[in-house]
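Note that these values count all heavy atoms, side chains included, but never hydrogens, waters or copies made by symmetry.
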Amino acid sequence: MSTWMSVRRWLPVLGGAFVHLTLGTLYCFGNLNPYMTSYLRYHGIPADLTYSSSLWVFAVMAGGQGLSMFLGGVIEKRIGPRWTALLGGWLMSLGVLLTYFAIKYSYITVLVTYGLLFGVGVGIAYVPALSCAMKWHPHRKGLVNGIVVAGFGLGAFIFNQVQTAYINPNNVSPTLDVNGDKYFDDEDVLSRVPTCFLIIGGIYAGMQLLGCMLIRDPPEDQDDAEPINAETDDAESLHPFQTIKTRAFWTLWTLLLANGVSTSFIAGLYKAYGQTFISDDKFLALVGAFSSMCNAFGRPLWGLAGDRFSFRVTMMTLCSLLTFFTLTLVVTTVGKEPMFFIWICCIFLTFSGNFALLPTVTAKAFGPKYVGTNYGLVFTSQVVAGPVSAIVSDTLTDSLGWFGMFCLSAGFSFIALICAFTFNVKKADGKSDL
């Protein structure tokens with residue numbers, strides 16, 4: 001194979017990672033939440049909004065992604081991965097741009113623009129960029145998945161810093177204390193919140209256009225295109241209607257649901273929790289940035305582990321670690337900044353593996369032909385996970401406190417551990433685990 005052909009095989013992987021870099025700013029919500037909630041409170045729309053209630057934005061975002069990911073797989077079959085990824089990406093960017101107007105009007109409009117539009121756009125663009133890269137590298141699905149979705153994790157590393165540098169350049173600390181939660185009331189800081197959405201929305205749209213230019217399916221009649229079924233010896237691929245009738249599908253669906261509830265709570269409220277004992281806003285943004293880097297680089301590492309070991313063993317390890325770090329997060333009040341930094345980074349490093357391991361095991365368990373649509377079906381679990389996390393947070397945080405909520409989140413990760421233990425799909429030899 002010529003050098004150009006070798007390079008050409010990696011261009012869709014690079015393009016997919018670049019698109020996912022913008023989609024992954026979904027995880028910027030934890031950093032933006034204090035600014036957005038404080039702005040809405042300050043302007044009385046509504047004046048009693050809390051961080052826990054604001055988690056509904058993240059819940060709607062995750063729900064929109066879960067609903068539309070299946071749709072992205074269907075649209076890809078009609079117009080191809082490049083145009084599907086661009087359609088979803090620009091829908092997401094439109095949601096960000098419209099939030100400039102929405103946040104001045106009401107919390108409900110923010111739910112529509114930065115929640116629903118953003119999430120639906122992410123869901124449509126997510127699968128085409130991922131499945132296209134797998135088609136070019138069918139023998140290295142775990143590694144390629146990990147590289148593409150590493151972009152998803154890396155997005156918040158970059159844009160958390162951009163957002164905080166623009167909104168709060170003087171590192172002003174939140175001073176308004178309401179029931180132990182601290183909110184910003186500095187007019188200079190809050191005045192920059194709406195225009196921040198215009199800036200980052202435009203940047204996202206430009207990056208998505210560049211990334212999509214590199215995305216294309218492999219040609220069927222050229223030497224550089226490996227047959228998608230090469231590794232499966234023409235094993236049968238299950239149609240989505242067949243997939244949802246299997247026990248394996250519902251095990252994976254429940255596993256992602258349980259881990260999704262746990263990680264939605266931490267990803268959306270880690271900064272709000274940190275503000276209860278850390279007053280340095282730039283440090284908290286730095287925590288968000290480095291945890292996002294862990295989210296990024298953890299994905300190819302977990303993908304490699306999934307290629308090296310069985311999905312069952314790798315996922316059980318992931319769930320065990322996530323349960324431990326979530327359960328002990330409250331101890332960071334003793335260790336202060338250094339321990340908080342380490343624990344949040346470890347949580348993001350751990351849960352990142354879900355998004356490298358699950359697309360791979362979906363392709364292996366149900367076949368490669370409908371992998372985009374089948375993984376979209378697995379991801380519909382987040383339609384439930386987001387609202388469950390928001391409802392639990394909104395109704396129980398005041399009564400249970402932070403420690404109680406961390407215990408509850410760890411309990412969901414333990415349920416995911418049980419699901420991983422019961423996953424029992426075998427390789428073609430009928431003996432070894434998938």
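- With respect to D217 and R82, no salt bridge is recorded, no charged nitrogen being found less than 4.0 Å from a carboxylate O.
- Put simply, the side chain of S292 never gets that close to the backbone of N295: no donor and acceptor are under 3.5 Å apart.
- Remark: Y39 pairs with H43 by the ring-ring contact (aromatic ring centres under 6.0 Å, His included) rule, at least two apart or across chains.
- Under the side-chain contact (heavy atoms from CB on, under 4.5 Å) criterion, S264 pairs with F58, S389, not counting sequence neighbours.
- Every residue two or more places apart in sequence or in another chain was checked for a side-chain contact (heavy atoms from CB on, under 4.5 Å) with A17, and none qualifies.
- Checking side-chain atoms of T380 against main-chain N and O of L377 turns up a donor-acceptor pair under 3.5 Å.
- The side-chain tip of R312 does not point at the ring of F423 from less than 6.0 angstrom away and within 45° of straight on.
- A cation-pi arrangement is not found for K364 relative to F366, the charged atom failing to lie both closer than 6.0 Å to the ring centre and inside a 45° cone about the ring normal.
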(message) Using side-chain contact (heavy atoms from CB on, under 4.5 Å), reason through M315 and N354 one step at a time and then give a plain yes or no.
(response) CA-CA 8 Å; M315 182 56 76; N354 286 292; 3.7 Å; yes
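- The existence of a salt bridge linking K135 and E76 is confirmed by a sub-4.0 Å separation between a basic side-chain nitrogen and an acidic carboxylate oxygen.
- Contacts of F18 classified as ring-ring contact (aromatic ring centres under 6.0 Å, His included), with partners at least two apart in sequence or in another chain: none.
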(request) Quick one: do F159 and Y204 satisfy ring pair (Phe, Tyr, Trp, His ring centres under 6.0 Å)? Show the steps, please. (result) CA-CA 10 Å; F159 287 99; Y204 296 162; 5.0 Å; yes
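- For R299 and F152, the positive end is not near the middle of the six-membered ring at less than 6.0 Å and at most 45° from its axis.
- For the residue pair G64 and L116, the shortest heavy atom distance occurs at CA-CD1, 4.5 Å.
- Checked by atom type, the side-chain pair T243/N374 shows a donor-acceptor distance below 3.5 Å.
- Relative orientation of the F324 and W343 rings is tilted, given thresholds of 30° and 60° on the angle between their planes.
- Residues in residues 104-125 take part in these ring pair (Phe, Tyr, Trp, His ring centres under 6.0 Å) pairs, two or more places apart or across chains: Y114-F118, Y114-F197.
- Applying the side-chain contact (heavy atoms from CB on, under 4.5 Å) test to L396 and every residue at least two apart in sequence or in another chain returns V392, S399, L400, M405, L408.
- Ring geometry, F348 versus Y270: the interplanar angle exceeds 60°, so the pair is classed perpendicular (tilted spans 30 to 60°).
- N33 and T37 share a donor-acceptor pair across their side chains, judged by distance under 3.5 Å alone.
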